[in-house]
Amino acid sequence: MGMMFYGDSKIEIVFDDRPLLHLQTVIAAKLRRKELMFFSWRDDPAVGDGRSSIWISPEIPLMFRYDSVAREPLNREWLEELSKLANSTTGLMLTDEPRRDEAMTPRPISSVIGAAHRK
């Protein structure tokens with residue numbers, strides 16, 4: 001499991017390494033162009049089975065930490081789907097990695113732990 005650390009509040013958002021790598025790639029491309037967006041995901045049922053969103057902006061610090069040192073190859077089709085969502089009015093929404101016979105559907109793959117919840 002990897003983590004994305006969001007902002008000065010040090011909120012930890014937990015994802016599997018593979019989706020995190022694809023998210024980092026899409027988010028970095030948007031930030032390089034100084035483009036703003038919302039990023040949303042379905043929460044894991046363990047944290048309420050809801051949906052969370054954060055605002056992505058060049059002014060907000062982000063850090064990505066991976067559980068594994070190995071870097072898997074990127075799935076170009078998934079990057080294209082995520083990029084289309086990132087450029088939409090609703091913003092980036094994490095979806096399952098596409099297979100030939102599957103449509104894009106959000107899935108619960110993360111949990112959010114606020115700084116106040118850590119001991």
| request: Would you please test Ile27 and Met4 for side chain to side chain contact (heavy atoms under 4.5 Å, CB included) and show each step? | output: CA-CA 11 Å; Ile27 291 169; Met4 183 172 89; 4.3 Å; yes
Whether Tyr6 side chain and Trp55 backbone form a donor-acceptor pair below 3.5 Å: yes
Hits for side-chain hydrogen bond (donor to acceptor under 3.5 Å, both in side chains) against Ser68, two or more places apart or cross-chain, chain-then-number order -> none
Could you walk me through whether Ile54 and Ile13 pass the side chain to side chain contact (heavy atoms under 4.5 Å, CB included) test, one step at a time? CA-CA 10 Å; Ile54 56 173; Ile13 307 166; 3.8 Å; yes
ask   = Do Leu94 and Arg42 come close enough that some side-chain heavy atom pair is under 4.5 Å?
value = no
Examine distances only and state if a side-chain atom of Asn75 and a backbone atom of Glu77 form a donor-acceptor pair shorter than 3.5 Å. yes
The complete set of salt bridge (Lys or Arg N to Asp or Glu O under 4.0 Å) pairs with one or both residues in residues 52-63, sequence neighbours excluded, reads none
inquiry  = Determine whether a donor-acceptor pair (N or O, by modelled atom type, separation under 3.5 Å) exists between the side chain of Asp17 and the backbone of Asp67.
reply    = yes
Contact check, side chains of Pro19 and Glu97, non-hydrogen atoms, under 4.5 Å:
no
Separation between OG (Ser40) and CG (Leu92), nearest 0.5 Å, reads 8.0 Å
Closest non-hydrogen contact found for Ser57 with Leu31 is C-CD2, 3.6 Å
Taking every heavy atom of Leu21 against every heavy atom of Thr25, the minimum-distance pair comes out as O-OG1, 2.9 Å
With sequence neighbours left out, the residues meeting side-chain hydrogen bond (donor to acceptor under 3.5 Å, both in side chains) with Arg51 are Ser53
Residues Ala86 and Lys30: closest non-hydrogen pair is O-NZ, 3.3 Å
Task: Any donor-acceptor N/O pair, Asp16 side chain to Arg18 backbone, under 3.5 Å - done: no
From the list Arg71, Met1, Gln24, Met3, side-chain contact (heavy atoms from CB on, under 4.5 Å) partner of Tyr66 resolves to Gln24
The side-chain hydrogen bond (donor to acceptor under 3.5 Å, both in side chains) partners of Glu80 (sequence neighbours excluded) come to none
Can any side-chain N or O of His22 pair as donor or acceptor with the backbone N or O of Trp78 at less than 3.5 Å?
no
Review point. Yes or no on side chain to side chain contact (heavy atoms under 4.5 Å, CB included) for Ile56 and Leu36, after CA distance, side-chain angles and deciding distance?
Key: CA-CA 6 Å; Ile56 302 290; Leu36 315 173; over 6 Å; no
* Asked: Does the side chain of Phe5 reach to within under 4.5 Å of the side chain of Ile11, using non-hydrogen atoms?
  -> no
#### Entry: Over 12 foreign heavy atoms within 6.0 Å of CZ, Arg76
no
Taking the inter-plane angle between the rings of Phe15 and Phe39 on a 0 to 90° scale, is it parallel (under 30°), tilted (30 to 60°) or perpendicular (over 60°)? tilted
Sorted by chain and number, sequence neighbours left out, salt bridge (charged side-chain N to carboxylate O under 4.0 Å, His left out) with Arg32 holds for none
Residue set satisfying side-chain hydrogen bond (donor to acceptor under 3.5 Å, both in side chains) with Ser88, at least two apart, ordered chain then number -> Thr90
